[in-house]
Amino acid sequence: MPDNGRLITLEGIDGAGKSLQTRLLAENLRDLGHLVVTTFEPGGGQQGGLLRDLLTGDAASHWSPATEALLFTAARRHHLDGLVLPAIAEGKIVICDRFADSTRVYQGFDSETARHRVDQLHTLMIGTDPDLTFIIDIPVKLALERVARRSGGDARLDTFGSRLEDLRQGFLQLQQSFPHRCRVVNGDRESSEIASDLLAMSLEVIS
Ligand code: TYD
């Protein structure tokens, strides 16, 4: 079985630019001849849209924090089994827009108990950690401007807006918790500049 499969994740608050950087990193790695699969959470993998609807659609406001943690974990397990682990086993580089660190930050946010519960669920049901995680960091003001510019706006922002600074700090703290795999990247720059940093750091874990 090839052992060159890797999992690279991109994390950060809403509006940080993860989706664009996921695409640019994939293009840059493919140009160098690597086999790359891009994916995302919540909702990656076949039928993942059903789970994404549960987590971000109209139903989302009904879940308790514990139920939310379980549903994000269930969606991740489905994604892992159906897409991420098979691709890694085939020697591909999987680039995933959000992964378990998002659950740590968003669902683990409220209390130490909540974070402990998320960590336990991860150990029990996921057990796969990325080889490299980019935490794309931008000021909250910029995040709010970018999300407001998105067509149709974003209903969830009303809920998250006032918490964004805490969420940002939550992502930054991951660097202390997982220094071996987390790299904080300044996302308030030209996208090409960010992309070339991400490529250079990715090549360090790929070769
Ligand atoms: P996403 O589609 O990445 O939205 P955006 O492009 O705005 O960043 O994620 C949708 C929302 O789901 C986002 O607000 C973060 C949230 N989320 C969690 O709360 N927990 C999780 O585990 C994941 C993966 C996402």
Side-chain angles (χ1 to χ4, degrees), residues 7-25 38-45 48-80 83-84 94-111 114-115 117-130 133-140 142-171 174 178 185 187 191 194:
L7 176 59
I8 298 177
T9 58
L10 284 83
E11 300 279 5
I13 56 176
D14 304 63
K18 296 171 284 78
S19 309
L20 173 63
Q21 290 302 328
T22 298
R23 191 164 55 72
L24 294 175
L25 181 58
T38 60
T39 187
F40 61 94
E41 293 200 353
L50 294 172
L51 291 157
R52 186 177 172 91
D53 282 350
L54 281 178
L55 286 161
T56 62
D58 292 342
S61 58
H62 299 299
W63 312 130
S64 71
T67 307
E68 221 180 74
L70 283 163
L71 287 173
F72 275 108
T73 305
R76 179 158 308 119
R77 187 68 239 178
H78 170 77
H79 185 209
L80 268 182
L83 191 154
V84 176
V94 178
I95 306 175
C96 189
D97 180 349
R98 294 197 186 282
F99 190 66
D101 292 322
S102 280
T103 315
R104 289 190 175 97
V105 173
Y106 287 87
Q107 280 68 48
F109 173 86
D110 285 329
S111 63
R115 173 58 189 269
R117 183 168 61 201
V118 167
D119 284 335
Q120 283 185 310
L121 272 175
H122 179 78
T123 304
L124 189 66
M125 294 310 304
I126 305 300
T128 295
D129 293 306
T133 297
F134 295 117
I135 298 159
I136 307 198
D137 180 54
I138 57 167
V140 165
L142 179 59
L144 289 170
E145 283 165 13
R146 283 184 181 172
V147 177
R149 274 203 302 269
R150 283 183 193 166
S151 58
D154 187 328
R156 284 170 297 115
L157 201 70
D158 296 340
T159 329
F160 278 135
S162 59
R163 311 203 299 175
L164 271 185
E165 187 58 48
D166 289 336
L167 291 168
R168 179 189 183 196
Q169 295 308 321
F171 277 111
L174 292 168
F178 307 103
V185 176
S191 56
I194 303 169

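Here the structure is a predicted model, which means the values were calculated and not measured. All ligand and atom numbering here is 1-based and tracks the order in the structure.
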Item to check | From the candidates Leu10, Ile13, Asp14, Val147, the one that places a heavy atom nearest atom 4 (O) of ligand 1 | outcome: Asp14

Item to check | Option nearest atom 16 (C) of ligand 1 (shortest heavy-atom distance, choices Phe109, Phe72, Phe99) | outcome: Phe72

Taking both backbone and side-chain atoms of [X], is any N or O found less than 3.5 Å from an N or O belonging to ligand 1?
X	result
Arg98	yes
Glu68	no
Tyr106	no
Thr56	no

Output the list of atoms in ligand 1 that are nearer than 4.0 Å to some heavy atom of [X], sorted by atom number.
X	answer
Arg76	22 (O), 24 (C)
Thr103	21 (C), 22 (O)
Ser102	20 (N), 21 (C), 22 (O), 23 (C), 24 (C)
Gln107	18 (C), 19 (O), 20 (N), 21 (C), 22 (O)
Pro42	9 (O), 24 (C), 25 (C)

Checklist entry - Which atoms form the tightest heavy-atom contact between Ile138 and Ile13, and what is the distance? => result O-CD1, 3.9 Å

Item to check | Which atom of Asp101 lies closest to which atom of Phe171, heavy atoms considered | outcome: O-CE2, 4.2 Å

Does any non-hydrogen side-chain atom of [Y] lie less than 4.5 Å from one of [X]?
X	Y	value
Pro42	Thr56	yes
Thr38	Arg23	no
Val84	Thr128	no

Next on the checklist: Taking side-chain contact (heavy atoms from CB on, under 4.5 Å) as the definition, give me every residue that meets it alongside Val118, ordered by chain and number, with sequence neighbours left out.
Outcome noted: Ala69, Thr103, Arg104, Gln107

Next on the checklist: Just to verify, what does Arg146 make a salt bridge (charged side-chain N to carboxylate O under 4.0 Å, His left out) with, not counting sequence neighbours?
Outcome noted: none

Next on the checklist: One residue to check: Arg52. Relative to ligand 1, which of side chain, backbone, both or neither has a non-hydrogen atom less than 4.0 Å away?
Outcome noted: side chain

Item to check | Under-4.0 Å salt bridge between Asp110 and Arg163 | outcome: yes

